[in-house]
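These notes are about the structure you will find just below.
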Amino acid sequence: MENNFISKKISSWYLQHKRDLPWRNTQNPYYIWLSEIILQQTRVVQGMPYYYKFIEAFPTVQDLANADENEVLRLWQGLGYYSRARNLHKTAKMVLENYAGEFPNTYQELLKLKGVGTYTAAAIASFAFGEKVAVLDGNVYRVLSRIFGESTDISSNEAKKVFMQLAESILPDQDAATHNQAIMEFGALQCTPSSPNCMFCPLAMDCVANAKGQVAALPVKSKKVKVKERFFHYFIIEQNGNFAMRKRVGKDVWEGMYDFYLNESDENIQELSYLALEDKFLEKILENSLIKRESSIYTHILTHQKIQTKFWHLVINNNFPLHLPTELDWYSLNEVDDLPKSTLVNNYLSSFVFE
DNA sequence: CACGCGTGGCC
DNA sequence: TGGCCAAGCGT
């Protein structure tokens, strides 16, 4: 490519302004993979402590593969998008079983790993193995849309082809790794989503959006999220110093994380007696317990959901032979602490001390 | 393939 | 304040 002045300017800017991030000082594919999974949809400052925790707890991919899923999820607790942690663990096992413990070293092979899509495969292939493949992430979409004045909706299916073509048009033959790092860092620090400082931009004179006064309008992104309201009543069931919890399964939020007995309604119902009408188990435990604590309403905001929750701490009479539903099991206080839990549950638990 | 999946920071 | 975003992926 002869119009590589764009790549050269961005890479030059990168060498002057790049942050010193730990995963940039290694070519170990395990560390690079780990950092890329952590950073999916996640800010560097938010992911950084998790990166350090993981490499300390699991220095090698073998260590990660040999861990229990709960242990991995517990370490991931608080970072969100927990399928990343479950897939991280699955992939570590795959690397051990299918690749003899050696990370696959090409874009095409990397794509076969769980949780590794086109972006992450390109990132690992270029950073760890020097393969000439272009990364296409949120930063790259933004930088390219502005430089080239490309207004294709980045939420559309067509965008992936259009922008990949642009990305490849400025991908240099040599050192794709530095180029890829550079364009992402350029998007993160210079060509920012809102109010970029184009006065100091080395590409100001080359940028179509800047010339047309379209910087704020690009990239075009149409997708809007619809927020669904949900109403939870969590019942912390305690008997003889043990607590009933379950591992969440299915397609709902927080799959794999542990929580308490949940009564969910479409409407904002406050009366326990009303809830118990439709919930025989709840009716039974209410008849045989004391309400030790009734929390205030916790409003938990997720990307697609707004969940209003009240927590009820019930102490079941010691002599009542309570038979738990199959999904629930008893855990000691220390075990409760060790289990992976959502931030909503942890917010409640950390708001007071069990006595 | 459009949608669901977390959390925290920003204005 | 509420909406938007931040190194996407699986289904």
Side-chain angles (χ1 to χ4, degrees), chain A residues 14 18-19 21-24 31-51 73 76-88 90-91 110-127 134-143 153-161 163 167 177 180-189 191-196 216 219 221-230 248 250-257 259 298-307 340-347:
Chain A
Y14 174 68
K18 67 172 179 176
R19 292 165 288 183
L21 304 176
W23 45 84
R24 285 183 178 156
Y31 292 136
I32 290 172
W33 163 67
L34 177 61
S35 73
E36 290 301 335
I37 302 300
I38 287 174
L39 291 173
Q40 285 169 6
Q41 299 288 281
T42 304
R43 287 184 167 77
V44 165
V45 288
Q46 196 181 355
M48 186 82 78
Y50 287 83
Y51 176 78
L73 283 170
W76 199 273
Q77 175 177 285
L79 194 56
Y81 285 155
Y82 297 101
S83 66
R84 291 183 295 172
R86 298 193 309 272
N87 287 331
L88 192 80
K90 280 182 202 160
T91 287
L110 286 160
L111 263 186
K112 297 178 180 172
L113 303 176
K114 282 283 182 189
V116 176
T118 52
Y119 161 74
T120 305
I124 301 171
S126 63
F127 300 161
V135 292
L136 196 50
D137 74 334
N139 288 310
V140 179
Y141 275 118
R142 185 170 57 256
V143 171
D153 183 350
I154 64 170
S155 307
S156 69
N157 295 319
E158 195 195 349
K160 188 145 190 173
K161 294 178 206 161
F163 283 89
N180 282 339
Q181 290 278 17
I183 192 167
M184 287 193 291
E185 189 80 333
F186 185 76
L189 301 183
C191 194
T192 50
S194 63
S195 327
K221 189 177 181 181
S222 69
K223 211 189 298 178
K224 307 268 189 263
V225 268
K226 203 170 188 177
V227 177
K228 177 185 172 189
E229 265 203 289
R230 302 174 72 174
R248 291 178 63 84
K251 290 179 181 163
D252 205 352
V253 291
W254 301 315
E255 183 183 348
M257 309 300 271
D259 64 0
Y298 287 66
T299 302
H300 196 78
I301 308 289
L302 294 80
T303 305
H304 299 265
Q305 303 184 19
K306 178 178 175 182
I307 303 177
K341 298 170 294 294
S342 69
T343 294
L344 169 60
V345 167
N346 277 318
N347 283 345

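So you know, we letter chains A, B, ... as the sequences are listed, proteins then strands, and number each from 1. These values consider heavy atoms only, across backbone and side chains, with no hydrogens, waters or symmetry-generated copies.
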Any heavy-atom pair between the side chains of [Y] and [X] that's under 4.5 Å?
X: Phe127(A); Y: Glu36(A); answer: yes
X: Arg19(A); Y: Arg24(A); answer: yes
X: Thr120(A); Y: Ile37(A); answer: yes

Would you indicate which nucleotide in [options] comes nearest to any side-chain atom of [X]?
X: Arg84(A); options: dA2(B), dG9(B), dG6(B); value: dG6(B)
X: Lys221(A); options: dC5(C), dT7(B), dC5(B); value: dC5(C)
X: Asp137(A); options: dT7(B), dC5(B), dA7(C); value: dA7(C)
X: Val253(A); options: dG8(B), dA7(C), dG6(B); value: dG6(B)
X: Thr118(A); options: dT11(C), dA2(B), dC9(C); value: dC9(C)
X: Arg43(A); options: dC9(C), dG8(B), dA2(B); value: dG8(B)
X: Thr42(A); options: dA7(C), dG6(B), dT7(B); value: dG6(B)
X: Glu36(A); options: dA7(C), dG4(B), dT7(B); value: dA7(C)
X: Gln46(A); options: dG8(B), dA7(C), dC9(C); value: dG8(B)

Which atom pair, heavy atoms only, marks the closest approach of Asp153(A) to Ser222(A)? OD2-OG, 2.5 Å
Is there a Watson-Crick or G-U wobble partner for dT7(B) with both distances under 3.5 Å, and if so, which one is it? dA6(C)
Considering only atom [atom1], compute the distance from [N] to [M] and round it to an integer number of Å.
N: dC1(B); M: dG10(C); atom1: C1'; answer: 11 Å
N: dA7(C); M: dA2(B); atom1: C1'; answer: 23 Å
N: dC3(B); M: dC4(C); atom1: P; answer: 16 Å
N: dC9(C); M: dG8(B); atom1: P; answer: 23 Å

How would you label the contact of [X] with the nucleic acid (heavy atoms, under 4.0 Å): base, sugar-phosphate, or nothing?
X: Gly78(A); value: sugar-phosphate
X: Arg86(A); value: nothing
X: Ile37(A); value: nothing
X: Val116(A); value: sugar-phosphate
X: Leu79(A); value: base
X: Leu111(A); value: nothing
X: Trp23(A); value: base

Can you tell me the distance, in whole Å, between the [atom1] atom of [X] and the [atom2] atom of [N]?
X: Asn347(A); N: dG6(B); atom1: CG; atom2: P; result: 15 Å
X: Tyr298(A); N: dT7(B); atom1: OH; atom2: C1'; result: 17 Å
X: Tyr81(A); N: dG10(C); atom1: OH; atom2: C1'; result: 12 Å
X: Ile301(A); N: dC5(B); atom1: CD1; atom2: C1'; result: 15 Å
X: Asn346(A); N: dG6(B); atom1: CG; atom2: P; result: 14 Å
X: Lys306(A); N: dG4(B); atom1: NZ; atom2: P; result: 18 Å
X: Arg230(A); N: dG4(B); atom1: CZ; atom2: P; result: 11 Å
X: His304(A); N: dA2(B); atom1: NE2; atom2: P; result: 14 Å

According to a strict under-4.0 Å criterion, is [X] in side-chain N/O contact with OP1 or OP2 of [N]?
X: Lys114(A); N: dG8(C); answer: no
X: Gln41(A); N: dA7(C); answer: no
X: Thr120(A); N: dC9(C); answer: yes
X: Thr343(A); N: dT7(B); answer: yes
X: Asn87(A); N: dG10(C); answer: no
X: Tyr82(A); N: dT7(B); answer: yes
X: Trp254(A); N: dT7(B); answer: yes

Could you point out which residue of Lys226(A), Lys228(A), Arg230(A), His300(A) forms a side-chain hydrogen bond (donor to acceptor under 3.5 Å, both in side chains) with Gln305(A)? Arg230(A)
Position toward the 5' end of DNA chain C (nearest nucleotide), Lys251(A) or Thr303(A): Thr303(A)
Given the options Arg248(A), Arg84(A), Arg86(A), Glu255(A) meets salt bridge (Lys or Arg N to Asp or Glu O under 4.0 Å) only with Arg86(A)
State whether the side chain of Gln77(A) and the backbone N or O of Lys341(A) hold a donor-acceptor pair below 3.5 Å, judged by distance alone. yes
Parallel, tilted or perpendicular, as decided by the 30° and 60° cut-offs, for the rings of Tyr51(A) and Trp23(A): perpendicular
Both Ser194(A) and Ser156(A) contact DNA chain B. Which one's nearest nucleotide lies toward the 5' end? Ser156(A)
